[in-house]
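In what follows, a single structure is set out as structure tokens and then discussed.
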Amino acid sequence: MSPHRIAGRDQGAPIRFSFDGEAIEGRAGDTLASALMASGVRLMGRSFKLHRPRGVVTAGPEEPSALVTVVRPGRRDVNLPATMVELFDGLEAHSQNRWPRLDLDLMSVTGRLGSLFSAGFYYKTFMGPQGAWERLYEPLIRRAAGLGHASTEADPDSYEIVHAHCEVLVIGSGLAGLSAARAAGEAGRRVIVLEQDRAFGGGALVDGALESWRSSTLAALSAMPEVRMLYRTTAVGAYGHGVVAALERVADHLPEPEPFQPRQRLYVIRARRIVLATGAVERLVALANNDVPGVMLATAARAYVNRHGAAPGRSAVFFVNNDEAYAAVRDLKAAGIAIAAVVDPREPTPIAAEAEAAGLPVLFGHEVTAVRGRRSVAGVRVRKRGTMQERAIACDLLGLSGGYSPQTQLAAQAQLGTAWIEAIAGFAAIGPSPDAEAFSAMIPAGAAAGVFGRLEAARHGAAAGARAAGLASDPAQPPAEAREPAVPPRRDGPIMPLWEVRGRGKAFVDLQNDVTADDMRQAAREGYRHVEHAKRYTTHGMGTDQGRTGGLVGAAVLAAAQGREVSAVGLSKPRPFVTPVSFGALAGAETGAHFKPERRLPLHGWHEAHGAVFVRIGLWLRPLVYSGGDTSWGPVVAEARAVRSGVGITDVSSLGKIDVRGRDAAAFLDRIYANGFSSLSVGKARYGLMLREDGIVFDDGTTSRLAEDHFIVTTTTGKATEALEHMEFHAQCVWPELDVRLANIADHWAQFAIAGPRSRAVLSRIVAGLDLSNEGFPFMAAGEAIIAGVPGRIFRISFSGELAYEVAVPAGHAAFVWDAIMAAGEPDGIRPYGLDALNLMRIEKGHVAGSELNGQTTAADLGLGRMLKKKGDFIGRALAGRPALAAADRLQLVGLHPVNKARRLRNGAHLVSAGEPKRSQGYLTAACMTSEGPHDWIGLALLEGGHGRHGERMIATSPVHDEAIEVEIASPHRLDPENARVKA
Amino acid sequence: MLRITCPHCGPRDEIEFRYRGDASLSRPGPEDDAKAFQRYAYERENPAGMHLEWWLHVGGCRRALKLQRDTASHVIGGAGEP
Amino acid sequence: MSKPERGLGWGGLPPPGHHGALGRDPVKLQAFMRDAVEVRLAPGMAEALRHAAAGLGLALPGMGESAGTGSATGAVTTLGLAPGEWLALARPEEPGAFARRIASGLEAAASVVETGHGLACFSVSGRAAREVLAKGCRLDLHPAVFTSSTAARTVIAQIPVTLWRKDEAGAADSPVFALAVPLTFAQSFAHFLLGASAGTGAEILPASKD
Amino acid sequence: MQRYSAFRLALEALRGHGGWQPAWRDAAPKDRYKVVIVGAGGHGLATAYHLARDHGITDVAVLDKGPLGLGNVGRNTTIIRSNYFTAPNIRFYDHSLKLWENLERELNFNVMVSQRGSLNLAHSDGQRDLFARRANAMRLEGVAIEMLDKDAVKALCPLIDVDNGRYPVVGGFLQRRAGTVRHDAVAWGYARAASARGVDIVQHCEVTAIPREGARAMGVETTRGFIGADKVVLAVAGHSSRLAAMAGFRLPIETHVLQAFVTEAVKPLLDIVVTYGAGHFYVSQSDKGGLVFGGGTDGYNSYAQRGTLPMAEEVHAAGITLMPALSRLRTLRQWGGVMDMSMDGNPIISTTPVENLAVSTGWCYGGFKAIPAGGTCLAHLVATGAPHPLAAHFGLNRFETGAVIDERGVGPHPYLH
């Protein structure tokens with residue numbers, strides 16, 4: 001057995017692991033920290049700035065110093081507190097922030113020059129010459145800073161977010177937490193208990209007197225079906241309204257997750273009430289060289305001895321300012337560790353006196369002034385308070401206890417107050433006012449609320465649990481004795497607030513970020529007196545441990561430097577997360593290819609099978625061109641030509657479609673659209689333009705009237721969601737007096753455009769119940785029909801500029817009808833066309849689309865100014881008339897083409913005049929090869945005063961492509977401006 | 001995270017709702033001029049405290065609700081129908 | 001011309017068989033389809049609608065409730081999804097027939113809009129169904145809260161979902177959750193269901209019209 | 001002012017750093033100032049500095065309800081850039097960038113301006129075309145910007161997964177002069193420099209009323225008494241509406257919260273600023289080693305300086321989608337800053353209905369990078385009464401005339417910005 005194991009407590013099965021390449025054996029139940037300790041390893045890392053040797057200080061997630069990298073195949077986790085890494089067979093751990101080796105760190109030269117690297121030194125130097133920062137200083141600083149080397153590979157593990165609900169959420173499973181859970185559970189409430197450790201019990205895990213209570217309470221809880229106990233689960237954030245986020249480390253204790261098992265899971269818990277039973281964390285004391293490996297918090301030393309049978313040292317000195325810590329001293333002594341001295345700055349208290357009487361060498365009224373040793377504690381220097389005479393005591397362990405800070409981060413996040421409690425010299429969560437409770441839903445209990453003592457915490461917890469369950473109006477009512485731990489009431493004497501012992505040497509208040517008490521004083525001297533200023537100036541409390549062991553100590557030093565009380569200076573505001581949370585866990589399963597859901601057309605499979613190249617627009621996948629992967633202009637032009645010369649079909653199912661009914665449907669649309677719809681006849685469609693209230697164009701589309709009180713509105717694909725919400729908002733909130741009922745029918749109807757001079761002939765073959773002749777069903781007609789045996793709707797509308805129809809059928813019949821149209825069109829050479837061809841044709845026709853409806857253009861800019869109703873109110877009416885929206889130099893829609901036909905137009909180009917080649921007068925919004933290709937380019941542009949500049953020659957310049965070509969400005973309506981084709 | 005109690009659906013997460021702004025404003029009418037609409041479209045009281053606002057429950061009943069919410073503390077005073 | 005046959009309108013779940021972990025409590029996953037109409041009360045016509053619905057035998061449950069769930073062929077399930085608004089679902093029939101029947105029965109008391117082809121329906125059943133859905137569903141599905149006569153619209157995995165129970169009352173131990181999502185989201189929603197059920201394991205059943 | 005230098009640092013190190021003086025005078029307020037600036041954040045302090053330096057006006061107080069620099073200047077994601085689309089915006093923000101480039105020597109305070117380059121990603125041909133259009137606008141204004149294709153993006157930043165995300169990366173643009181600045185240091189540096197020129201920095205002095213006499217403000221009522229002023233300037237990001245209400249007018253502003261995050265410190269992992277084009281995520285690595293990243297606004301009016309869970313989920317999902325290697329990296333903290341969101345997404349540096357009261361507001365989530373130019377232009381407006389030519393388009397009257405500059409085209413809906 002290792003000499004660092006405590007005899008008789010070495011029971012776990014052996015587990016092999018390695019640290020910095022050295023094979024070591026630990027025991028089941030060990031953490032990496034306890035296993036290293038039990039094998040005599042003390043030096044576990046190097047500090048952030050000064051590269052000083054560091055060992056383990058705590059036994060929990062508050063660990064500031066012993067941070068390691070754990071490597072698994074394909075996985076690399078950095079900055080993990082060794083205190084939270086559970087040992088598994090084959091674990092490979094590495095120390096960090098050292099070069100080349102942990103025991104020979106050449107960067108530790110910074111530690112020797114430590115006095116240069118005082119608080120904020122980098123703000124005072126490295127200021128020139130220009131460029132030197134990026135080239136010289138910054139790379140050096142960046143390389144020296146940071147801790148571990150993070151993974152640069154994708155993570156093979158998975159994560160999930162799980163939503164949970166309960167009536168009572170208990171955070172923490174110590175005396176208060178388990179008592180609260182039991183009280184709430186016995187009241188029949190749905191309870192969730194969160195415990196960050198791998199075992200329930202909190203402080204009871206290290207206190208033998210509480211073991212029988214712990215096990216009987218756990219047994220009672222496990223018999224309650226509505227009580228859910230989650231271990232390895234940390235509440236990381238409280239967000240008000242009873243919402244708490246909790247991280248479960250599902251598989252971090254395993255070499256890798258089981259098949260289909262996530263590595264970590266983030267619970268989003270919605271609780272009616274929350275019992276905050278997060279306990280307290282022991283504080284360090286700032287004294288010279290309090291960072292040497294072997295300086296440890298007293299509770300941590302006790303935990304290593306009692307939970308792991310690991311000996312933190314052979315000969316210990318304790319420096320404590322409170323009675324709680326004597327339990328640790330007693331337990332270490334019982335484990336056979338020599339107690340060289342207990343240094344207690346106080347006068348004897350009953351408990352301390354008993355300890356002395358029991359044979360412990362207690363030095364009352366004394367203090368430790370410095371730690372001796374460099375890589376390991378060799379001893380301490382001690383003096384009587386108020387005197388200057390020091391003496392040395394040899395030891396290899398200094399157990400520190402500066403008191404205990406209630407863990408109130410979650411309370412502060414949930415806007416619960418904290419208050420200074422003199423008796424514990426700390427801030428504790430205080431019970432909420434009824435108002436605050438309604439928001440935070442949180443009831444603090446036990447040590448988190450400043451209630452120390454085992455029996456007291458259990459009772460306080462039980463009362464909080466009962467109150468959270470809505471039971472007791474009297475929180476003082478004690479629970480049945482059978483449920484209480486069999487321990488005597490607390491009789492501790494008072495703590496003596498003790499933050500710092502001034503001496504020679506660096507006295508750290510933040511071990512992780514290498515912040516010393518001198519740094520805090522310097523910050524105060526330089527005016528960074530507020531705790532938030534000092535934190536930002538010195539980086540105090542900004543590490544992964546969030547300064548949990550030294551935060552208040554630093555604040556106290558800062559306060560003292562200003563002659564103020566620490567209770568007045570306070571702590572910086574704790575923000576989520578309580579402990580660091582991986583990206584993976586916060587992201588959950590919806591990442592990568594599934595970052596956003598995909599919307600697929602009902603005919604997606606058909607498009608895919610027919611060589612469609614898909615484009616991702618918003619959530620949609622839409623066919624761009626049917627070319628089997630060829631993304632050149634050739635296949636696009638071929639598709640467009642097929643339409644212009646014969647017939648083609650395209651899937652426009654992604655358009656927004658809104659069913660509008662009600663007595664006031666027409667009146668409603670009159671207000672929603674800038675043009676009128678009450679004048680539209682039943683059986684007709686009309687192009688409509690929606691404005692925003694500020695007079696800018698919002699969306700467009702074709703709307704049809706199927707009955708007096710029934711319209712079908714179509715919106716663009718891109719604005720479908722927004723347009724529906726825009727209409728719902730106005731229907732419900734602005735004009736609630738109108739009888740208008742909206743239904744989203746976008747996904748019910750698949751919609752295809754059949755376009756081209758042969759489209760009527762093709763459709764006639766499969767449409768029944770509708771006369772498709774030009775007279776019977778003219779341009780802008782709309783009606784119901786049977787299409788290939790399926791009841792649907794037909795609209796004679798055209799985006800391509802050709803004779804065209806849009807056919808809508810229920811989506812479950814889309815494939816059937818599409819196939820029928822393809823078959824019917826075969827004699828005419830029908831072919832599918834994609835978004836590129838559609839876009840090409842609309843550019844030729846001069847129809848506007850998303851790139852012109854860019855949220856900056858008015859109807860007039862787009863040449864649609866005449867559409868605006870002269871009479872009656874509509875959204876955007878008033879503000880569209882503002883002077884700047886009618887200015888002559890506004891950007892207006894024009895068409896254009898290269899003067900030299902051999903040149904291509906570039907989307908993204910700006911328009912400049914030859915005389916002013918640096919002043920943009922507008923820009924291209926669209927450019928394409930025409931259906932007459934192959935070397936014929938046209939484009940649309942928004943140009944200053946463009947409506948009056950047709951025929952003018954300009955330069956389309958794209959400096960990023962090093963191109964500038966001469967173009968001629970023209971009407972945007974290049975194809976068939978008389979609309980003869982669409983009306984044919 | 002806000003938990004908003006929809007008068008129709010009960011308490012729901014904020015992600016189910018779409019915010020639609022200050023509900024104390026009312027849209028000027030057909031007879032009103034650009035100045036009135038300018039105030040409506042642009043100018044806001046924007047209080048740090050209780051705020052009456054529109055939310056559309058787009059991920060639920062799709063109904064609009066008027067919410068009293070403290071913009072500083074996120075305490076919700078109450079929700080009602082338009 | 002052949003008779004039009006309604007398809008799922010999306011790619012469907014993977015072929016029937018086992019998916020994910022070999023756990024003790026695999027859930028059953030199935031895609032199915034429904035005819036559906038949205039029924040929206042006309043102002044001032046509540047009484048008339050109640051009367052007309054009674055004439056049709058159509059239940060109009062309260063907000064957040066479902067009614068009429070039954071196994072009899074041709075049964076209609078009606079979900080109260082907003083004040084004065086219901087979604088009525090039925091097994092697929094001849095194109096348009098269900099909507100016509102409901103519309104003519106309710107006449108002017110409500111607007112009736114056909115939406116069924118725009119819905120992809122899924123059922124998730126078994127003891128672990130709640131656990132699976134909790135990986136995306138933000139509602140409390142505890143049997144005391146989400147009972148066999150509860151209906152809700154919510155958002156799961158960024159996708160709008162209509163959710164109700166298909167099982168009979170009392171089946172708290174092994175609930176059958178039905179979920180309808182917009183058809184064009186179906187493939188992504190299936191991905192969510194498969195991911196969420198991988199940990200417990202799932203048995204995928206063939207797509208169904210029932 | 002005690003001059004900072006390597007020599008001075010070494011000297012102080014030898015004597016235990018006992019000789020450092022306060023960086024700025026913690027002044028008590030006088031009865032009256034020529035100019036009272038409300039808000040000791042980046043813009044307020046920079047304005048005071050420029051009033052003193054450029055216009056010789058040193059009878060200036062900068063008031064703050066709390067300690068200086070703890071608003072948005074201390075809460076942002078530290079990015080500076082000038083990659084805008086409209087010419088007036090490009091000129092304004094590029095002027096700011098030029099001022100940043102010399103700021104540490106100007107202030108004798110190392111604010112760590114790191115021109116490491118800022119990469120914006122495009123995820124579709126359409127988006128790439130928009131980027132090209134924006135890049136061309138910058139080039140026409142003489143501002144350097146490079147278009148990158150997919151391979152160049154990958155080469156520049158191997159952490160980016162260009163192929164497998166929901167929206168694969170097709171390219172992007174890179175502004176090499178853009179980068180990051182140590183944000184807190186900006187407030188401290190300006191405070192120190194302004195204080196050295198005679199400006200009073202009055203902390204813990206909250207304005208409670210702005211009494212008027214006709215169309216003029218008489219000064220400000222504060223928790224430390226009335227302070228008279230010839231001119232009053234509001235530079236209180238997030239709280240402009242409240243202060244404007246005290247002076248009796250409304251602003252086209254809503255207050256929204258923008259969230260930010262920082263990870264644990266790791267060795268150099270990311271050398272540039274990256275902005276995802278298909279989700280809420282932009283990121284850089286601080287010199288200390290933490291990845292600093294941000295997302296979108298909460299989507300509703302808020303004065304709560306804190307983060308929310310849904311936004312944390314969305315931002316981290318976007319982050320992993322773009323950079324899968326971040327999956328195991330851990331986020332330390334989440335916080336929020338309150339933004340004055342203007343109705344067109346552009347700032348307001350303007351006179352107001354109150355004759356002697358000027359505002360700097362509406363910075364949305366872009367105020368940090370504008371601090372040097374914003375301070376210059378606001379100081380010019382206050383000192384001369386006329387808008388600085390670079391900020392002439394930031395007047396309040398644009399909402400009346402319709403001459404708004406809505407680069408994103410989303411309209412007067414800040415919750416959609």
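This structure is a prediction, so every number in the text was calculated from the model and none was measured. Throughout, a chain's letter reflects where its sequence line sits, starting with A, and its residues are numbered from 1.
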[X] side chain to [Y] main-chain N or O, any donor-acceptor pair under 3.5 Å?
| X | Y | answer |
| --- | --- | --- |
| D:Asn110 | A:Thr125 | yes |
| D:Tyr167 | A:Gly618 | yes |
| D:Arg133 | A:Leu924 | yes |
| A:Glu138 | D:Val113 | no |
| D:Asn136 | A:Val960 | yes |
| A:Arg575 | D:Arg333 | no |
| A:His533 | D:Leu68 | yes |
| A:Arg536 | D:Gly74 | yes |
| D:Arg105 | A:Met127 | yes |

Run the ring-centre check on A:Tyr923 versus D:Phe85 and record whether the distance is less than 6.0 Å.
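Here the rings of D:Phe85 and A:Tyr923 have centres that are less than 6.0 Å from each other.
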Examine whether an atom of [X] lies under 4.5 Å from a heavy atom of chain A, and if so say whether it belongs to the side chain, the backbone or both; otherwise answer neither.
| X | answer |
| --- | --- |
| D:Arg3 | neither |
| D:Glu400 | backbone |
| D:Leu332 | both |
| D:Glu106 | neither |
| D:Asn164 | backbone |
| D:Ala87 | neither |
| D:Leu14 | neither |
| D:His123 | neither |
| D:Asn108 | both |
| D:Met138 | neither |
| D:Leu270 | backbone |
| D:Asp271 | both |
| D:Ala278 | backbone |

Side-chain touch [X]/[Y], heavy atoms, less than 4.5 angstrom:
| X | Y | answer |
| --- | --- | --- |
| A:Leu266 | D:His316 | no |
| D:Gln115 | A:Gln130 | yes |
| A:Tyr123 | D:Trp188 | yes |
| A:Glu590 | D:Thr321 | no |
| A:Glu153 | D:Arg328 | no |

Using every non-hydrogen atom in the two residues, find where [X] and [Y] come nearest and quote the distance to one decimal.
| X | Y | value |
| --- | --- | --- |
| A:Gln856 | D:Arg408 | NE2-N, 4.2 Å |
| D:Val266 | A:Ala150 | CG1-CB, 3.9 Å |
| D:Ala403 | A:Ala884 | N-CB, 3.3 Å |
| A:Ser582 | D:Ser327 | CB-O, 3.6 Å |
| A:Gly855 | D:Asp406 | O-OD2, 4.0 Å |

Taking every non-hydrogen pair under 4.5 Å, which of [options] racks up the most with chain D?
| options | answer |
| --- | --- |
| A:Phe595, A:Tyr137, A:Phe117 | A:Phe595 |
| A:Ile161, A:Val243, A:Thr591 | A:Thr591 |
| A:Lys49, A:Arg76, A:Glu693 | A:Arg76 |

Hey, are [Y] and [X] close enough side-chain-wise for a donor-acceptor pair under 3.5 Å?
| X | Y | answer |
| --- | --- | --- |
| A:Arg525 | D:Gln21 | no |
| D:Glu264 | A:Asn79 | yes |
| D:Arg182 | A:Tyr122 | no |
| A:Glu134 | D:Ser114 | no |

For [X], is it the side chain, the backbone, both or neither that has a heavy atom under 4.5 Å from a heavy atom of chain D?
| X | answer |
| --- | --- |
| A:Arg529 | side chain |
| A:Ile696 | neither |
| A:Pro139 | neither |
| A:Phe48 | side chain |
| A:Pro917 | backbone |
| A:Leu67 | neither |
| A:Ala589 | neither |
| A:Asn513 | side chain |
| A:Val912 | side chain |
| A:Thr539 | side chain |
| A:Glu598 | both |
| A:Arg263 | side chain |
| A:Leu885 | both |

D:Phe293 and A:Phe583: ring-ring contact (aromatic ring centres under 6.0 Å, His included), yes or no, with the steps?
CA-CA 12 Å; D:Phe293 55 104; A:Phe583 258 75; 5.0 Å; yes
Using side-chain contact (heavy atoms from CB on, under 4.5 Å), reason through A:Arg919 and D:Leu140 one step at a time and then give a plain yes or no.
CA-CA 7 Å; A:Arg919 190 179 80 81; D:Leu140 288 172; over 6 Å; no
With side-chain contact (heavy atoms from CB on, under 4.5 Å) as the criterion, how do D:Gln285 and A:Arg142 come out once you've worked through the C-alpha distance, each side chain's angles and the decisive distance to 0.1 Å?
CA-CA 9 Å; D:Gln285 186 173 18; A:Arg142 288 187 68 201; 2.8 Å; yes
Decide whether a cation-pi geometry holds between A:Lys124 and D:Trp20; the criteria are a distance under 6.0 Å from NZ or CZ to the six-membered ring centre and an angle within 45° of the ring axis.
yes
A:Asp962 atom CG, neighbour heavy-atom count above 12 within 6.0 Å
no
Determine, stepwise, if the pair A:Tyr239 / D:Arg306 fulfils side-chain contact (heavy atoms from CB on, under 4.5 Å).
CA-CA 9 Å; A:Tyr239 294 89; D:Arg306 61 170 184 266; over 6 Å; no
